[in-house]
Chemist: 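Supplied in structure tokens, the structure appears directly below.
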Amino acid sequence: MGAHATKRDAAIHDGLIAWYRRHARDLPWRRSRDPYAIWLSEVMLQQTRVETVIPYYERWLEAFPTVQALADASEDAVLKLWEGLGYYRRARNFHRAAQVVANERAGQLPETAEQWQTLPGVGRYTASAVASIAFDEAVPVVDGNVKRVLARLERIETPTDDRETVASMWQRAEAILLAGSVKEPGTPGAFNQAMMELGARICVPRRPSCLLCPVAASCRGRAAGVHETLPIKGPKRVVPHADWVSAWITRGGRVLVGQRPPGLLGGLWELPTTTVAPGETDADALARMVRADLAADVAEPSHGKAVGSDQTIATVDHVFTHLRVTIRVTPLALVGKPVAQRHVALKWVRRAEFDTLALPVAMRKLVRASLAKR
DNA sequence: AAGACGTGGCC
DNA sequence: TGGCCAAGTCT
């Protein structure tokens with residue numbers, strides 16, 4: 001037991017470890033102690049469900065089995081493998097971090113949490129998770145699961161987004177972690193995963209399985225009968241939406257695509273797309289986009305007809321309207337801006353190459369469904 | 001230091 | 001069905 005550990009903390013620690021050893025799920029990244037593989041899993045798992053991550057994780061390790069292989073890959077290849085996982089900045093940061101490791105650390109991965117956190121896309125949670133799981137460093141983790149577990153276990157009734165509340169949770173997590181035996185190797189990683197596993201399997205958001213909980217006897221929220229009302233969340237925000245129009249524009253057997261700048265869906269490719277301003281028709285928006293973006297090549301947008309001046313330069317074969325975006329965006333920031341200003345690259349690609357590009361899921365589905373009909 | 005950043009599954 | 005939720009990080 002750590003020097004200042006309470007009996008309760010030790011009981012919580014030991015109860016969790018014993019439960020975890022019996023009930024841990026057999027997940028792909030738990031079969032490995034390769035720090036690169038564990039790091040990969042932690043990045044993919046950010047705000048993303050285990051079941052969603054598994055196939056991506058396995059495909060990724062086949063394509064990029066080592067940090068060097070990832071560092072050598074192109075960003076397009078990286079984003080294609082990430083396509084559909086969301087939060088694409090994770091992929092770009094992970095790729096950049098691999099290049100930092102390859103070029104500035106001679107291929108040597110960090111070991112301590114402090115070193116890990118210097119890499120792009122690695123915050124306090126991921127740094128501590130990798131350092132504890134892959135290197136047995138005695139640092140705690142606090143993620144969404146741990147916040148929920150601790151809020152109930154300690155009956156924390158302040159919002160879990162609150163700064164001081166989060167800070168106190170890191171302290172509590174550390175105290176319980178250190179209440180375990182310091183002699184047993186591998187315990188920090190097992191303990192941290194046990195906390196998260198409990199939150200994922202037992203101490204779930206709705207209808208937690210307290211009868212199966214290894215630390216129910218220590219749970220202050222349950223003792224007070226308030227565990228199901230915890231954790232307290234901050235106010236919810238409105239999710240804005242925007243309507244977009246996109247066009248399938250071809251020329252000489254190739255289709256026009258643009259690559260998005262960093263930010264929303266950064267680095268992904270898409271058909272020429274523009275937001276529809278309030279009061280504007282889809283056709284007007286499309287005309288505005290085509291004029292601005294393709295002024296040199298296309299005179300007027302015309303559905304299904306050749307467009308251009310004296311010779312056919314491009315054809316608007318299909319127009320996708322009402323591509324409704326329900327992610328959190330700031331539509332007004334994009335309204336009226338020509339596509340050329342919103343893309344870091346524009347190019348004409350063959351159909352086969354189009355299929356290899358990383359596209360936003362909504363656009364990939366639209367294109368597939370629409371082209372299948374014709 | 002709030003807000004941006006994706007997607008799919010659940011009830 | 002629409003809102004909520006899921007192993008966070010960056011600015």
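On a predicted model such as this, the values are computed, not experimentally measured, just so you know. Residue numbering restarts at 1 for every chain, and letters A, B, ... go by the order of the sequence lines.
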Chemist: Taking CG from A/Asp161 and P from C/dT9, how many angstroms apart are they, rounded to a whole number?
Modeler: 15 Å
Chemist: Heavy atom of residues 42-60 of chain A under 4.0 Å from DNA chain B: which residues?
Modeler: A/Gln47, A/Thr48, A/Arg49
Chemist: Specify the separation, in whole Å, of atom CG of A/Asn93 and atom P of B/dA4.
Modeler: 19 Å
Chemist: Taking the side chain of A/Thr126 as its heavy atoms from C-beta onward, which of C/dG8, B/dC5, C/dA6 lies nearest to it?
Modeler: C/dG8
Chemist: Looking at every strand, decide which applies to A/Trp29 at a 4.0 Å heavy-atom threshold: base, sugar-phosphate, or nothing.
Modeler: base
Chemist: For nucleotides C/dT11 and B/dG6, find the distance between their P atoms and express it as a whole number of Å.
Modeler: 14 Å
Chemist: Given B/dG6, C/dC5, C/dG8, identify the nucleotide with an atom nearest to the side chain of A/Arg90.
Modeler: B/dG6
Chemist: Is there a side-chain polar atom (N or O) of A/Tyr87 under 4.0 Å from OP1 or OP2 of C/dC10?
Modeler: no
Chemist: Using whole Å, report how far CG of A/Leu359 lies from C1' of B/dG6.
Modeler: 14 Å
Chemist: Does any N or O in the side chain of A/Arg90 come within less than 3.5 Å of the main-chain N or O of A/Met44, such that one atom is a donor and the other an acceptor?
Modeler: yes
Chemist: Using the side-chain heavy atoms of A/Leu265, tell me which of these nucleotides is nearest: B/dG6, B/dA1, C/dG8.
Modeler: B/dG6
Chemist: What nucleic acid atoms does A/Arg96 come within less than 4.0 Å of, heavy atoms only: base, sugar-phosphate, or nothing?
Modeler: nothing
Chemist: Return all side-chain donor-acceptor pairs below 3.5 angstrom for residues 201-214 of chain A, not counting sequence neighbours, or 'none' if the list is empty.
Modeler:
| unit_1 | atom_1 | unit_2 | atom_2 | d |
| --- | --- | --- | --- | --- |
| A/Arg201 | NH1 | A/His23 | O | 3.4 |
| A/Arg201 | NH1 | A/Glu197 | OE2 | 3.4 |

Chemist: Within the structure shown, what part of the strands sits under 4.0 Å from A/Arg25 by heavy-atom distance: base, sugar-phosphate, or nothing?
Modeler: base
Chemist: Among residues two or more places apart or on two chains, list those pairs meeting side chain to side chain donor-acceptor pair (under 3.5 Å) that have a residue in residues 53-62 of chain A.
Modeler: A/Tyr36-A/Trp60
Chemist: Rounding to an integer number of Å, can you tell me how far A/Trp82 CH2 sits from B/dG6 C1'?
Modeler: 12 Å
Chemist: Please list residues of residues 117-124 of chain A whose heavy atoms come under 4.0 Å from any atom in DNA chain C, ordered by number; otherwise none.
Modeler: A/Pro120, A/Gly121, A/Val122, A/Gly123, A/Arg124
Chemist: Base, sugar-phosphate, or nothing: which does A/Ile38 touch, judged by heavy atoms less than 4.0 Å apart?
Modeler: nothing
Chemist: Please report, rounded to the nearest Å, how far the C1' atom of B/dC5 is from the CZ atom of A/Arg260.
Modeler: 12 Å
Chemist: Report which part of the nucleic acid A/Gly84 touches: base, sugar-phosphate, or nothing (heavy-atom distance under 4.0 Å, all strands).
Modeler: sugar-phosphate
Chemist: Judged by modelled atom types alone, do A/Gln46 and A/Thr126 share a side-chain donor-acceptor pair under 3.5 Å?
Modeler: yes
Chemist: So, A/Phe94 versus A/Trp39, ring centres under 6.0 angstrom or not?
Modeler: yes
Chemist: Round to a whole Å and report the spacing from CZ of A/Phe94 to C1' of C/dC10.
Modeler: 18 Å
Chemist: Does A/Arg148 reach a base, just sugar-phosphate, or nothing at all? Heavy atoms under 4.0 Å.
Modeler: sugar-phosphate
Chemist: Where is the tightest heavy-atom contact between A/Pro231 and A/Thr160, given as atom of each residue plus distance?
Modeler: CB-CG2, 3.4 Å
Chemist: What's the spacing between A/Leu177 CG and A/Thr187 OG1 if we round to 0.5 Å?
Modeler: 9.0 Å
Chemist: Return the value, rounded to whole Å, for the distance between atom CZ of A/Arg92 and atom P of C/dT11.
Modeler: 12 Å
Chemist: Sequence neighbours left out, what pairs pass ring pair (Phe, Tyr, Trp, His ring centres under 6.0 Å) with at least one residue falling in residues 350-371 of chain A?
Modeler: A/Trp248-A/Phe354
Chemist: At under 4.0 Å, does any side-chain N or O of A/Lys147 touch on OP1 or OP2 of C/dC5?
Modeler: no
Chemist: Considering only NZ, NE, NH1 and NH2 on the basic side and carboxylate oxygens on the acidic side, decide whether A/Lys80 and A/Glu83 come within less than 4.0 Å.
Modeler: yes
Chemist: Side-chain polar contacts of residues 163-176 of chain A - donor-acceptor pairs under 3.5 angstrom, sequence neighbours left out - could you list them?
Modeler:
| unit_1 | atom_1 | unit_2 | atom_2 | d |
| --- | --- | --- | --- | --- |
| A/Thr165 | OG1 | A/Thr158 | OG1 | 2.7 |
| A/Thr165 | OG1 | A/Pro159 | O | 3.4 |
| A/Thr165 | OG1 | A/Asp162 | OD1 | 3.2 |
| A/Ser168 | OG | A/Thr165 | O | 2.9 |
| A/Arg172 | NH1 | A/Asp9 | OD2 | 3.2 |
| A/Arg172 | NH2 | A/Asp9 | OD1 | 2.9 |
| A/Arg172 | NH2 | A/Glu154 | OE2 | 3.0 |

Chemist: Starting from P on C/dC10, measure out to CG on A/Leu264 and report it in whole angstrom.
Modeler: 19 Å
Chemist: Establish, yes or no, whether the cationic atom of A/Lys347 lies under 6.0 Å from the six-membered ring centre of A/Trp269 and within 45° of the ring axis.
Modeler: yes
Chemist: So, is A/Arg89 close to the C/dG8 phosphate, meaning a side-chain N or O under 4.0 Å from OP1 or OP2?
Modeler: no
